[in-house]
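What you see is a predicted model, and the numbers here were worked out from it, not measured in a lab.
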Amino acid sequence: MTDAAREPLVAADYTPLTAPLTKEEVAAFKRDAKAAGAPWAARPDLTGRGGGRLALLGLIPVLIPLLGVVFIGVMLAPVLPSLFDALFQLSSEAGFPGGLFLIGFVAVWVFVIGAAITAAVRWIVHQGYPRGWWEAALRLTRFAERNGLLHGHEEPVDYSGSVFTLGQRRTAERRLRAPAHERRFELGNYRYVVVRKTKNGTSTTVYRWGYMLIGLDRNLPHMVLDARANDRSLLGIRSTNLPVSFDRDQVLSLEGDFDQHFTLYAPKEYERDALYVFTPDLTALLIDESGDFDVEIVDDKLFVYSSTPFDLLNPATYERARRILDTVGAKTLRQTARYADERIGNRLVDQVAAPGRRLKRRTSWVAIVFIILVGGWWLWDDILSGLFG
C-alpha cells in the first residue's frame, strides 16, 4: 500500500471462525446482544416490510403440515374409530405382507405429525431467526475484535458503485471494514430490493451480492471490467451478470488476451486515461487474481463484485480477499497515485471532469419493444376492441 497504515487481513487470526463453540457461549452471547440492543439481535428482514414478516415466513413449514393434520382430522373425526377398525380387520385378514398396511398407514401419520411438531419446536427455539444466526454473529464479532476490524450488520449503504444504485432498501447485511484511521477497506455482503407492480398487487425480489471495497488516493474516471467468466449464456448468446448495462461504444480493447477475460468500459475520450491505469502488469494481475469477479473503479473507490454472497465464516474467503488486496489493490494504488484529469487543468485538484465521472448506460431496446407490444395489446383488448367490435 502507499501509506504506512496497517493493511487489513494481514496475518489474520482465523481461530474465531473455526474454533468450537459451546451452547453456553452462544446462549450468553445471545442474551447479552438482546440486552444491549446489538444490531444482530433483530430478526433479519430481507424485504424491509417489518421484522415479523420473515419470522412469519418461517412458520410456513410448520403451519402447512399442522393445518393438513387438523383438516383431515376434522373431516375424518366422525368415522375415525370405524376406519381404524376396518383397517385392522383388513390387515388381519390379508396376512403378510398385506398386514403391514395398517402399520404403514399409522407410520405415515406419525411421521407427518412428528415433522410438524419438530418444525414448531425449532421455530420456537430460534424465535424466527435463521439456523446458525447467533453462532455466525458470535464468530464474526470475535473475528473482528481479534483482527482490529469493525463488524457492521444490517446497515444502510449509499455507495456510488453501479450495484449500489439499484432498487430500494440497500443494505449491507454483514460487513467487515478497517477502522477510520486506516486505509478504507470493506468485505461484505449486500442486498437490495426491487418492487414491481403485478396484476394482483406487487412482487418483491431480493438481490444479493458479495463485494470488496478498496479506497484509492485519487478520484478516477468511471471504469468497469465485466468479467466474462461469470457471464450468463442462453443458446450461445452471452449476457453480462451485472445488473446494469453500458453503451457498447465505451468498450476499450486492450492488448494480449485481456479481452478474452474482461470487457473494459471507459468513458468516451478517456481511453488514454484508462490505458494509463490498466497497464499490462495490472491487467495480468486482474486476470490471475480476480478473473471470475467484476471490477469497478468509480470516484476514489475500487469495487470487486461477486454475484453470489461471500462465505464470511470461511477463512478461504479472507485469503482470497487478501491476495486481491495485496496484488490488484496495491498495484492500482501505485498506478493511480499521481493521476490527474488533464481536462480540469490543475493537477492539484483531485477531481474528474463531468464527462468522465459516470459511464453512459445502455438502453434496452428489447425491453422497450416488449413494453410497446404489451401496451398495444392492452390498449386493443381493453379499449379498441370494444369500440370496433
Decide, yes or no, whether a salt bridge links [X] with [Y] under the criterion of side-chain N to carboxylate O below 4.0 Å.
{"X": "Arg218", "Y": "Asp300", "value": "no"}
{"X": "Arg362", "Y": "Asp247", "value": "no"}
{"X": "Arg174", "Y": "Glu155", "value": "no"}
{"X": "Glu25", "Y": "Arg142", "value": "yes"}
{"X": "Arg334", "Y": "Asp217", "value": "no"}

If only side-chain N and O atoms count, and only distance matters, is there a donor-acceptor pair under 3.5 Å linking [Y] with [X]?
{"X": "Tyr14", "Y": "Arg146", "value": "no"}
{"X": "Arg196", "Y": "Thr205", "value": "yes"}
{"X": "Asp259", "Y": "Ser253", "value": "yes"}

Exercise. Is it true that a side-chain atom of Asn314 and a backbone atom of Ala316 form a donor plus acceptor pair closer than 3.5 Å?
Worked result: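 Yes: the side chain of Asn314 pairs with the backbone of Ala316.
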
Exercise. Hey, does the side chain of Tyr339 reach the backbone of Asp350 with a donor-acceptor pair shorter than 3.5 angstrom?
Worked result: no

If you measure from [atom1] on [X] to [atom2] on [Y], what distance do you get to the nearest 0.5 Å?
{"X": "Leu216", "Y": "Ile214", "atom1": "CG", "atom2": "CD1", "value": "7.5 Å"}
{"X": "Leu150", "Y": "Leu176", "atom1": "CG", "atom2": "CG", "value": "9.0 Å"}
{"X": "Asp294", "Y": "Ser306", "atom1": "CG", "atom2": "OG", "value": "9.0 Å"}
{"X": "Leu138", "Y": "Phe29", "atom1": "CG", "atom2": "CZ", "value": "5.0 Å"}
{"X": "Arg320", "Y": "Leu9", "atom1": "CZ", "atom2": "CG", "value": "13.5 Å"}
{"X": "Leu325", "Y": "Leu213", "atom1": "CG", "atom2": "CG", "value": "11.0 Å"}

Problem set entry | Within one Ile-Leu-Val-Met-Phe-Trp-Tyr cluster: Leu242 and Val304, side-chain cutoff 4.5 Å |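 Different clusters: Leu242 never reaches Val304 through Ile, Leu, Val, Met, Phe, Trp or Tyr contacts under 4.5 Å.
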
Exercise. Parallel, tilted or perpendicular: which describes the rings of Phe310 and Phe293, with under 30° parallel and over 60° perpendicular?
Worked result: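 Perpendicular: the ring planes of Phe310 and Phe293 meet at over 60°.
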
Would a 4.5 Å heavy-atom cut-off, applied to side chains only, mark [X] and [Y] as touching?
{"X": "Met223", "Y": "Val295", "value": "no"}
{"X": "Asn241", "Y": "Asp226", "value": "yes"}
{"X": "Ser203", "Y": "Val195", "value": "no"}
{"X": "Val244", "Y": "Leu166", "value": "yes"}
{"X": "Thr18", "Y": "Pro315", "value": "yes"}

Problem set entry | Residues Glu342, Arg272; criterion salt bridge (charged side-chain N to carboxylate O under 4.0 Å, His left out); working and verdict | CA-CA 11 Å; Glu342 62 182 14; Arg272 189 172 67 176; 2.7 Å; yes

Exercise. Only one of Trp209, Tyr211, Tyr207 forms a ring-ring contact (aromatic ring centres under 6.0 Å, His included) with Tyr192, so which one is it?
Worked result: Tyr207

Problem set entry | Test salt bridge (Lys or Arg N to Asp or Glu O under 4.0 Å) applied to Arg322 - qualifying residues, sequence neighbours left out |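 Expected list: Glu319, Asp326.
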
Exercise. With a cut-off of under 6.0 Å to the ring centre and 45° to the axis, is Arg343 in cation-pi contact with Tyr270?
Worked result: yes

Exercise. Do the two ring centres, one from Phe164 and one from Tyr190, sit under 6.0 Å apart?
Worked result: yes

Exercise. What residue pairs, at least two apart or across chains, pass side chain to side chain donor-acceptor pair (under 3.5 Å) with a residue in residues 157-168?
Worked result: Tyr159-Arg175, Tyr159-Arg184, Tyr159-Glu186, Ser160-Asp299, Ser162-Glu296, Thr165-Arg361

